[in-house]
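Note sheet for the following structure.
As a basis for the values below, the full set of heavy atoms in this structure was taken, side chains included, without hydrogen atoms, waters or symmetry mates.
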Amino acid sequence: MSDTPFRPFETALDQDRTLALLRETLAGAEDGELFLERRRSEQLVLDDGRIKTASYDASEGFGLRAVKGEVAGYAHATEISEKAIRRAGETARLAVGDGGGVMAAAPQGTNRKLYTDADPIAGHAFPVKVDTLKEIDAFTRGLDRRVVQVTATIAASLQEVAILRPEGGLVTDVRPMTRVNVSVIVEQDGRRESGTAGGGGRVTLDGLLEPQDWQAKAREALRIALVNLEAVPAPAGVMDVVLGPGWPGILLHEAVGHGLEGDFNRKGSSAFAGLMGQQVAAPGVTVLDDGTIPDRRGSITVDDEGTPSARNVLIEDGVLVGFMQDRQNARLMGVAATGNGRRESYAHIPMPRMTNTYMLGGQADPADIVADLKDGIWAVGFGGGQVDITNGKFVFSCTEAYRVQNGKVGAPVKGATLIGDGATALKQIRALGNDMALDPGMGNCGKQGQWVPVGVGQPTVMIGGLTVGGSGR
């Protein structure tokens, strides 16, 4: 596949004829678009001193959508041609039925650029990336004799989209993505523990391949692994928990964020359905979803329907004030679209999705928050988790956490899980630190089988009365 810019209306399609086909498909519909995409991605993984993976993927295609009421017809193909679009239109049009719909107003345009359009894959030669991975491996092993295994990853991708709307507007976006990760396994006295660090964003690999950047990641991965070597079994019971800044915001994303997406609330399946304008969190708690932060992993100049991204306030001073919306749900709920209509690829229909979801900071010194913890857990790193959107109940595992008693930080603990529900946890927030931070750029979000890159963030937060799962007290 060529690495020249993706311009389907210069190389494969006549724009006027394609527009006529789109309008024919959407006659009598209320919304719809033709979404064209080309994506290229490369991933290199060095594991235990050897290149384990060196993959390159390329794909392109289109998706054609017709919307009427709560029904959406969708058809997609890997062949970008007038014939394929006409055939897809016959399928998508089944959702329109007898017609009679009034086409929704087009999204407003934007000239904003939130990230570079440089190709992050072509920016560095393949041998340079391989050599960097080998340098990461050698450097990390040289940090500590207890290191027994190192896994290093360099990943880069470029997504190019063109969205043609029935009123004739054409919206394009070029979306780079890069990430460098380092994972370490250490061994001492027969015990093995691991640590991982990494990140990136909508940037080229230039900064990420600099030694000062990946060396910091290697040291952090090693630090976490060594901390876990000293960990004791986590206590169990109901106790107060302090969450660290940045990546622990993944708990906010999962336990609260999904419940604030428009489709779940329109259908009444969210724990927050029907609570607009009501107090849903402790006073002082403000939660936003912001797709406009330059270079961030979850940022998008426009969403996958052509709506410009926005800084959307969801909870303000504890009061529910907004949901994240795509165009269809916004129209059905009688509100404005918020720039959150996202899809994994041309083969997927858009739906309300998060971008960068975070909680604003407060006034408290983080050290004072930990010092106020009488008997609980200070959790600064998270792994996987599970959430039930209908009631917000969550279970999250901690990758780095410490026992705190009478304000004193004690031994690290292993095997700690946090159990609760998002709606209750929001109301039990007792302190907000002045150290709000975003994650380093490594989040992915799944919903109905679709995955999109996201960002999370929060300050140091104290939550009262969470259930901690562990092996003792």
Side-chain angles (χ1 to χ4, degrees), residues 29-33 35 63 65-72 74 95 101-110 112 114 161 163 165 169 171 173 252-254 256-278 280 286-293 298-316 319-344 348-358 389-390 392 422 445-448 450 452-456:
E30 296 174 347
D31 206 355
E33 72 285 311
F35 179 89
R65 182 176 66 145
V67 180
K68 184 183 176 187
E70 297 188 15
V71 180
Y74 197 70
V102 177
M103 183 61 61
Q108 293 184 343
T110 179
R112 179 180 60 200
L114 298 175
V161 303
I163 306 168
R165 293 199 45 83
V171 180
D173 197 17
L252 172 76
H253 166 102
E254 294 287 0
V256 177
H258 279 296
L260 299 179
E261 291 169 337
D263 49 353
F264 292 130
N265 287 276
R266 176 174 62 83
K267 298 171 184 176
S269 57
S270 166
F272 295 97
L275 298 181
M276 185 64 69
Q278 298 184 32
V280 297
T286 296
V287 177
L288 298 90
D289 183 85
D290 187 355
T292 70
I293 309 173
S299 295
I300 44 176
T301 301
V302 294
D303 71 7
D304 294 324
E305 299 176 305
T307 304
S309 61
R311 182 179 187 271
N312 298 300
V313 180
L314 308 175
I315 297 173
E316 186 170 20
V319 176
L320 179 61
V321 296
F323 296 129
M324 292 166 277
Q325 302 283 6
D326 64 354
R327 287 174 57 86
Q328 182 180 21
N329 281 279
R331 185 175 65 259
L332 293 170
M333 296 180 75
V335 297
T338 60
N340 290 93
R342 305 187 66 189
R343 65 182 103 198
E344 179 178 325
H348 302 83
I349 199 164
M351 64 180 76
R353 303 296 301 272
M354 286 174 272
T355 57
N356 303 297
T357 310
Y358 57 95
I389 301 302
T390 61
C445 173
K447 178 180 177 181
Q448 297 179 25
Q450 294 194 41
V452 296
V454 296
V456 299

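- For N329, the side-chain hydrogen bond (donor to acceptor under 3.5 Å, both in side chains) partners are R266, D326, not counting sequence neighbours.
- A donor atom on one side chain and an acceptor atom on the other are not found under 3.5 Å apart for T355 and R342.
- Nearest heavy-atom pair, G257 versus M354, reported as atom, atom and distance to 0.1 Å: CA-SD, 3.6 Å.
- Applying the salt bridge (charged side-chain N to carboxylate O under 4.0 Å, His left out) test to R353 and every residue at least two apart in sequence or in another chain returns nothing.
- Residues that satisfy the side-chain hydrogen bond (donor to acceptor under 3.5 Å, both in side chains) test with E305, not counting sequence neighbours, are R65.
- Remark: V319 engages Q279, V321 in a side-chain contact (heavy atoms from CB on, under 4.5 Å) (not counting sequence neighbours).
- For the pair V280/I315, a side-chain contact is recorded, criterion being any heavy-atom separation below 4.5 Å from C-beta on.
- A310 is linked by a side-chain contact (heavy atoms from CB on, under 4.5 Å) to N312, counting only residues two or more places apart in sequence or in another chain.
- Screening Q325, Q328, K447 for a side chain to side chain donor-acceptor pair (under 3.5 Å) involving D263 leaves a single residue, K447.
- Minimum interatomic distance between F323 and F272 (heavy atoms only, all atoms of both residues): CZ-O, 4.2 Å.
- For the pair S270 and L260, the minimum side-chain heavy-atom distance is 4.5 Å or more.
- Counting non-hydrogen atoms of other residues, nucleotides and ligands closer than 6.0 Å to CD of Q278 gives a total above 12.
- For the salt bridge (charged side-chain N to carboxylate O under 4.0 Å, His left out) criterion with E30, the lone passing option out of R327, K68, R331 is R331.
- With sequence neighbours excluded, no residue satisfies salt bridge (charged side-chain N to carboxylate O under 4.0 Å, His left out) with E344.
- The only option from S299, S309, P308 that meets the side-chain contact (heavy atoms from CB on, under 4.5 Å) definition with T292 turns out to be S309.
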